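These notes concern the structure reproduced below.
The model shown is predicted, which means the values in this text are computed figures rather than measured ones. Proteins come first, then strands; the chains are lettered A, B, ... in the order of their sequence lines, and each starts at number 1. Basis for what follows: all heavy atoms, side chains included, without hydrogens, waters or symmetry-related copies.
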There are 2 protein chains.
Amino acid sequence: MTVAKATDQPDTRAAILDSAERLVQARGFNGFSYANVAAELGITKAALHYHFPGKAELGDALISRYAARFAEALALIDAARPSAFDRLAAYTELYSGVLEAQRMCLCGILAAEYETLPPAMHQAVVSFFDMNQAWLARLLEDGRARGTIRFTGGAKHAAQQIVGTLEGAMLVARLYADTARFQAVADRLLNEFDGRSRCTG
Amino acid sequence: MTVAKATDQPDTRAAILDSAERLVQARGFNGFSYANVAAELGITKAALHYHFPGKAELGDALISRYAARFAEALALIDAARPSAFDRLAAYTELYSGVLEAQRMCLCGILAAEYETLPPAMHQAVVSFFDMNQAWLARLLEDGRARGTIRFTGGAKHAAQQIVGTLEGAMLVARLYADTARFQAVADRLLNEFDGRSRCTG
DNA sequence: GTCTATAGGCAGATAGAC
DNA sequence: GTCTATCTGCCTATAGAC
């Protein structure tokens with residue numbers, strides 16, 4: 001049984017991940033260094049290497065944690081069980097929240113740098129998008145069956161459109177430091193998929 | 001009057017830009033180096049510094065040339081003067097062409113790296129998106145007036161949605177090395193804005 | 001677990017010969 | 001214009017003391 005040390009940092013490992021995550025979301029994987037993280041935490045680069053032997057391992061841990069947290073958020077949305085449309089709205093708010101913290105989606109920025117990432121990180125990035133698209137596709141099928149969501153064509157393609165739109169809108173909105181710009185696009189997207197009291201096109 | 005030197009490289013400066021452009025579109029601004037370009041062209045890094053004193057100047061020249069080429073393409077689309085809908089379709093094909101060359105949009109990838117770019121490059125990236133959104137907003141207004149384009153809300157927001165969707169779809173499609181994935185999203189987008197023989201929602 | 005110290009490499013950049 | 005040679009700085013990473 002471990003004894004809690006109440007006055008300590010929760011955990012050095014977690015603090016490293018927090019700092020690195022923020023840095024990657026702001027500056028990209030090639031835009032931050034062990035020195036940046038060490039300076040932020042007031043420890044040395046060598047201490048980082050104790051917790052994460054190399055940058056690839058750190059990167060992989062970042063994606064794993066981020067994806068797990070995202071999966072949890074999706075599960076919470078499902079658990080609340082509002083209509084499919086409301087779940088889609090909640091999904092866009094996950095993105096809004098990230099952008100409001102002046103960050104880009106971790107996997108969105110890693111997608112941009114994909115070719116230069118350590119190969120060990122490649123699959124994890126792809127899996128993040130697979131997870132999102134699978135969740136959205138289920139939501140869309142459900143919503144179409146119940147009438148709260150409306151769309152034409154395949155659910156997979158529609159899910160790809162949703163992810164692409166939100167990632168792209170984040171990317172561009174950050175340039176203008178304008179979260180309202182993102183919100184306008186998200187609202188347009190929601191409107192497009194809103195099946196409640198709409199013409200069926 | 002200059003004399004053509006038929007057997008020469010068209011121009012070292014242009015060759016540098018071509019090489020650097022391809023590298024940035026594949027690997028990002030922080031993912032390529034003077035050494036990469038020099039190796040590709042069979043010259044030395046010092047020669048590069050003669051043409052572009054620093055990486056910031058090279059980056060700025062890259063965006064200028066890219067934006068000018070894009071503006072030309074937009075002008076050509078306008079000159080052919082098909083319907084607004086056909087112009088929008090032609091616009092999405094500009095993106096398809098980039099993706100088929102296994103590249104990401106230059107300014108899309110620079111947007112992801114925005115925080116780490118030399119400040120001298122910032123305005124040029126933003127201007128690229130301003131240009132695109134202004135062109136699209138005009139197209140949308142025109143199309144709505146003539147009935148070939150249909151959309152709700154402001155033209156500016158709709159233009160932002162189009163740019164966001166296409167940039168984001170490129171970003172994700174490249175992960176899967178799947179141009180069909182991009183095409184599916186582009187087709188869905190076109191369908192959404194198609195005002196010809198459609199319910200007005 | 002965290003430190004000091006340092007290795008080895010590559011980055012962007014410059015000087016000066018040709 | 002392009003070269004060789006070199007500088008300085010930062011990067012990731014490791015060894016070994018505490």
Heavy atoms only, 4.0 Å cut-off, all strands: where does A:Y34 land among base, sugar-phosphate and nothing?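 A:Y34: backbone/sugar contact only, no base atoms under 4.0 Å.
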May I ask you to say what A:F32 touches in the nucleic acid, namely base, sugar-phosphate or nothing, with a heavy-atom cut-off under 4.0 Å? sugar-phosphate
Any side-chain N or O of [X] below 4.0 angstrom from OP1/OP2 of [N]?
X	N	result
A:H51	C:dT2	yes
A:Y50	C:dG1	yes
B:S33	C:dC10	no

Can you check whether B:G54's main-chain N or O pairs, donor with acceptor, with B:Y34's side chain at less than 3.5 Å? yes
Over its full length, what angle do the end axes of the helix from C:dG1-D:dC18 to C:dC18-D:dG1 make, each axis taken from five pairs and the result rounded to 10 degrees? 0°
May I have the distance from [X] (atom [atom1]) to [N] (atom [atom2]), rounded to whole angstrom?
X	N	atom1	atom2	value
B:F29	C:dG12	CZ	C1'	11 Å
A:H49	C:dA7	NE2	C1'	12 Å
A:K55	D:dC10	NZ	P	15 Å
A:L48	C:dG1	CG	P	14 Å
B:N36	C:dG12	CG	P	8 Å
A:N30	C:dA11	CG	C1'	13 Å
A:I16	C:dG1	CD1	P	11 Å

Once rounded to the nearest 0.5 Å, what's the spacing between atom [atom1] of [X] and atom [atom2] of [Y]?
X	Y	atom1	atom2	value
B:F85	B:D194	CZ	CG	4.0 Å
B:M104	A:E113	CE	CD	12.0 Å
B:Q161	B:L140	CD	CG	9.5 Å
A:E100	A:T179	CD	OG1	5.5 Å

Pair A:F128 + A:F70: ring centers closer than 6.0 Å: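 Yes, the ring centres sit under 6.0 Å apart.
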Give me the atom names and distance for the closest heavy-atom approach of A:K55 to A:N30.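 Residues A:K55 and A:N30, closest heavy atoms: NZ-CA, 4.4 Å.
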Show the numbers, then the answer: is there a side chain to side chain donor-acceptor pair (under 3.5 Å) between B:S83 and B:D86? CA-CA 5 Å; B:S83 72; B:D86 290 338; 3.3 Å; yes
Basic-acidic side-chain contact under 4.0 Å: A:E21, A:R103: yes
Using nucleotides 3-7 of chain D, report all nitrogen or oxygen pairs with the protein that are shorter than 3.5 Å.
residue: D:dC3; atom: OP2; partner: B:T44; partner atom: N; Å: 2.7
residue: D:dC3; atom: OP2; partner: B:T44; partner atom: OG1; Å: 2.8

